[in-house]
Protein chains: 2
Amino acid sequence: MTQTPPSPGKQMLSEQVYEHLRNAIMRGDYAPGDALKPQDLAKEQGVSLAIVREALVRVVGEGLADRLPNRGFAVPAFSDRRWQEIAEARRSIEPVVLRLSIERGDVDWEARVRAAHHRLARTPAYVPEEGEHYSSAWSEAHRLFHRTLLEGCGNPVLLETFDRLWTASELARRWSAQRNPGRDTIAEHRRLEEAALARDADTAAEVLAHHLTLTATGLTGRIGGAPAGEA
Amino acid sequence: MTQTPPSPGKQMLSEQVYEHLRNAIMRGDYAPGDALKPQDLAKEQGVSLAIVREALVRVVGEGLADRLPNRGFAVPAFSDRRWQEIAEARRSIEPVVLRLSIERGDVDWEARVRAAHHRLARTPAYVPEEGEHYSSAWSEAHRLFHRTLLEGCGNPVLLETFDRLWTASELARRWSAQRNPGRDTIAEHRRLEEAALARDADTAAEVLAHHLTLTATGLTGRIGGAPAGEA
DNA sequence: ATCGGATAGATAATCGATTATTAGTGCTAT
DNA sequence: ATAGCACTAATAATCGATTATCTATCCGAT
């Protein structure tokens, strides 16, 4: 019985192109404000316009690109204001979900949290090859740790909300990326894990809110091309 | 000097088709599970497949349709469980946003809340023409009231989150909603308005949470009563 | 009679080409 | 010189047709 071989080679084209585009934007291959020209992309990927267009529309739906009617698609230029808004949204929402998660998570969830934290702690945040940005392995481990923490809530709608915010957050960070030198991210994550597994919802929610506040305030200055004349 | 005539006739085709499709699904023109066949839609709308496809992809992104690879698109069949999940997500998120809104809303916001409530209170919830469903005018007024309440927060990211949840919620309700006869929605909305304008965040948040709980469970009274059938 | 494979029809996915808009460029008239 | 208008090159939006995949039906072997 040969079922679902993990070969990625046999998938819808539009899906592949979509994923490629998504990764490219998240990876920072295009600068904020850059035009995403369907024709160029089609040629690069060796597919037709319709496919690229479909992928672009999906990407726009995820907030990873802007659409300017009759003027094509472009990588969004996040202003500092926008970054703060995303961060505030996360600060508002994630602690609430974490409380639910702590209240409901079962033993399997506990195990997954431990595993995710272990992986995160063991993954180097920076590697020489990837310049000054977080390594992609660490980014993924980081995402999975935070997501796993929330997964105990058992509510896919809330988790999808988290996913959207995370994506927006990561893209904004990619382009602002000055590191926050004095910060001890490792300790923050450890405290988060401990509080969650101790079922101490108050502490966990507070630590998470604090964690997100640090993340937000550490990133200042303009990101994209937009005028950021904000307070 | 003819400037921006409100003629909707001069827009991108894909946008028109997208809106039409969105409205049709929300209005309940298609039953849950119904296939959304690109060819049929294209013929109906008098446009090409690419356009319909683009619109469908957007609709899928909004959660208003499912995509089954190589098997086309379909109206999602919301289970009762799914409905509960959406309701819980709203219960978790909206009160937090409401608190922010009450904390920050200015006089203009207060005025808009009053206006929205007035319009809602004066719009009949049912009209004979639209069967047993809420009238479309009331639905829109209802949405605007709830949204306006939250708009004081001034955070577009949070508001967009609300929009997504509201859309999902409305669609799910369209198909799962047993009406709730004994319920006094009007009073609930009035209490919500009053608490918000009195800047009583605790009460407002509680009333909103209760409001959403009633919507979800179909319970007709009883604030502290048993939470939904979930364990 | 039933299970399985072959076949035909329907529909999804993709492509290549056409039309419509936009952004430049240069020319002309003040 | 410069504002404004044609003209052109680039590219976005749309279309009509082609290819790939699924679904259902029919037929033959057990």
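In what follows, every chain begins at residue 1, and chains take the letters A, B, ... in the order their sequences are listed.
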Closest listed nucleotide, where the reference is the side chain of [X] and the choices are [options]:
X: A:Ile51; options: D:dC15, D:dT11, C:dC15; answer: C:dC15
X: A:Arg53; options: C:dT11, D:dT14, D:dA13; answer: D:dA13
X: A:Lys37; options: D:dT11, D:dT14, C:dT14; answer: D:dT11
X: B:Phe73; options: C:dC15, C:dA13, D:dA13; answer: C:dA13
X: A:Arg67; options: C:dT14, D:dA13, D:dC15; answer: D:dA13

Starting at atom [atom1] of [X], determine the distance to atom [atom2] of [N], rounded to an integer number of angstrom.
X: B:Lys43; N: D:dC15; atom1: NZ; atom2: P; result: 14 Å
X: B:Leu68; N: C:dT11; atom1: CG; atom2: P; result: 15 Å
X: B:Leu56; N: C:dA12; atom1: CG; atom2: C1'; result: 11 Å
X: A:Glu15; N: D:dA20; atom1: CD; atom2: P; result: 20 Å
X: B:Leu13; N: C:dT21; atom1: CG; atom2: C1'; result: 14 Å
X: B:Asn70; N: C:dT14; atom1: CG; atom2: C1'; result: 11 Å
X: B:Leu49; N: D:dA20; atom1: CG; atom2: P; result: 17 Å
X: A:Met12; N: C:dA12; atom1: CE; atom2: P; result: 12 Å

Between the two ends of the helix from C:dA1-D:dT30 to C:dT30-D:dA1, what is the bend in degrees, rounded to 10 degrees, where each end axis spans five pairs?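 End-to-end axis angle for the helix from C:dA1-D:dT30 to C:dT30-D:dA1: 0°, rounded to 10°.
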
For C:dT14, take OP1 and OP2 only and decide whether either is under 4.0 Å from a side-chain N or O of A:Ser14.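 It does, given that an N or O in the side chain of A:Ser14 lies less than 4.0 Å from OP1 or OP2 of C:dT14.
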
Look at the side-chain N and O atoms of A:Arg71 and state whether any lies under 4.0 Å from the OP1 or OP2 oxygen of C:dA23.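 Checking A:Arg71 against C:dA23: at least one side-chain N or O falls below 4.0 Å of OP1 or OP2.
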
Is there side-chain contact between B:Trp109 and B:Asp106, with heavy atoms separated by less than 4.5 Å?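 They are in side-chain contact.
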
Quick one: are the ring centres of [X] and [Y] less than 6.0 Å apart?
X: B:His133; Y: B:Trp138; result: no
X: A:His146; Y: A:His211; result: yes
X: B:Phe145; Y: B:His189; result: yes

Sequence-distant partners of B:Arg71, side-chain contact (heavy atoms from CB on, under 4.5 Å), two or more places apart: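 B:Arg71 satisfies side-chain contact (heavy atoms from CB on, under 4.5 Å) with B:Leu68 only.
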
Point-to-point distance, once rounded to the nearest 0.5 Å, from CG of B:Leu171 to CZ of B:Phe78: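 The distance works out to 4.0 Å.
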
Going by side-chain contact (heavy atoms from CB on, under 4.5 Å), A:Arg58 matches just one of A:Arg22, A:Arg53, A:Glu15. Which one?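 For A:Arg58, the side-chain contact (heavy atoms from CB on, under 4.5 Å) test succeeds with only one of A:Arg22, A:Arg53, A:Glu15, which is A:Glu15.
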
